[in-house]
Amino acid sequence: MIYTVTLNPAIDMTVYIDELKKGQVNRSNHCLIDAGGKGINVSKVIKSLGGKSIALGFLGNDNKDWFLKYLKNMQIDYDFIFVDGLTRTNIKIVETAQKVYTDLNQNGFEVKKKDINLLFDKIDRIAKTDDIFVLSGSLPPGTDEDVYVELIRMLKRKGAKVIYDADGKALESGVLEKPDVIKPNIHEFKCLFDVEENDLNSIVSSAKKLIENGIKKVLISMGSKGAVFVTENMELFAKAAEVKVKSTTGAGDSMVAAISYGLSQNMDDVSIFKLALACAAAKVSKEGVKPPEKNEIEGFLEKIKLERLGELKWI
Ligand code: TA6
């Protein structure tokens with residue numbers, strides 16, 4: 001089974017406006033509201049791919065009904081720990097004239113020690129060998145990166161596979177616990193290694209150091225510049241697919257969904273990477289944080305061209 005763990009979900013409000021005029025009253029002509037947060041977005045795209053997952057994590061008690069109704073409508077199973085307070089609302093401002101995407105992410109509800117213990121007990125009870133756990137997103141107040149470190153340790157002890165998508169200190173301390181897969185974007189990767197964005201060789205050689213230290217797959221997303229996938233077996237690069245971007249929010253989560261779904265289907269590295277790029281392209285062609293449909297993903301799949309680095313040939 002695939003489990004997505006979102007410690008800090010969000011209600012994502014995507015506001016479309018021609019141009020944001022600071023310090024003035026702006027009237028948006030279009031707004032979308034979606035249940036979000038990284039793990040939740042992963043579960044949404046796994047559903048689109050025809051897979052199944054269970055969404056775990058914390059959820060604010062005071063506005064849970066709307067959120068749970070949204071997941072029920074999408075037939076996404078969940079098993080949250082409900083905490084005091086509201087689940088945060090994150091604002092995504094899309095300025096259509098200049099194609100500028102601005103995120104305003106809130107901190108989120110305060111999580112108490114008792115809530116963290118409840119979550120650990122639940123995961124300790126359900127996690128089994130070969131389950132796939134996706135740990136992704138920011139940490140709410142009351143938690144620190146040790147929560148992710150402890151979770152990765154517990155899941156590895158139970159023989160589960162861990163896909164880890166975090167940033168900053170949480171990423172730095174989490175990679176030392178050897179999660180099976182990490183999916184940093186290039187900015188997050190640069191917190192780990194001093195690399196230049198256009199220097200593929202240094203990005204690949206740095207990623208290979210993580211592989212030598214026990215991580216099995218490293219996918220580094222670089223937005224419109226494409227992505228790099230380094231595994232125990234190969235190093236791949238791909239340009240991003242040509243796509244009319246409607247919203248970049250959730251593109252990385254879509255790649256994580258492809259990786260977790262691909263692992264659950266025992267897909268090979270080339271197929272997983274192609275699927276990840278197709279999911280990201282299909283996602284950014286959608287408004288708000290809406291997941292792409294399977295046929296939209298398949299539409300991009302045939303357009304994805306990979307290069308096996310060091311062999312200078314497209315596959
Ligand atoms: O990646 C998109 C997204 O998951 C949005 O749903 C938005 O809520 C945000 O990222 C949350 O990210 P954060 O790092 O704040 O947990």
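These numbers come from a predicted model, not from an experiment. Both ligands and their constituent atoms are indexed starting at 1 by order of listing.
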TODO: For the pair Arg153 and Glu150, find out whether any cationic side-chain nitrogen is under 4.0 Å from an anionic carboxylate oxygen.
DONE: yes
- [ ] Measure up the Phe80 and Tyr78 rings against each other and bin them: parallel (under 30°), tilted (30 to 60°), perpendicular (over 60°).
- [x] parallel
Open item on the list: For residues 252-286, which residue pairs pass the ring-ring contact (aromatic ring centres under 6.0 Å, His included) check, not counting sequence neighbours?
Closed with: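 Applying ring-ring contact (aromatic ring centres under 6.0 Å, His included) to every pair that reaches into residues 252-286, excluding sequence neighbours, yields Phe229-Phe273.
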In terms of side-chain heavy atoms, does [X] have a donor or acceptor partner in [Y] at a distance below 3.5 Å?
X      : Y      : result
Lys122 : Asn117 : no
Lys64  : Thr87  : no
Ser53  : Thr4   : no

Open item on the list: Residues around ligand 1, heavy atom under 4.0 Å from any ligand atom, sorted by chain and number. Can you pull those?
Closed with: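 Residues near ligand 1: Ala10, Asp12, Gly36, Gly37, Lys38, Asn41, Arg88, Asn90, Lys92, Asn105, Gly137, Ser138, Thr249, Gly250, Asp253.
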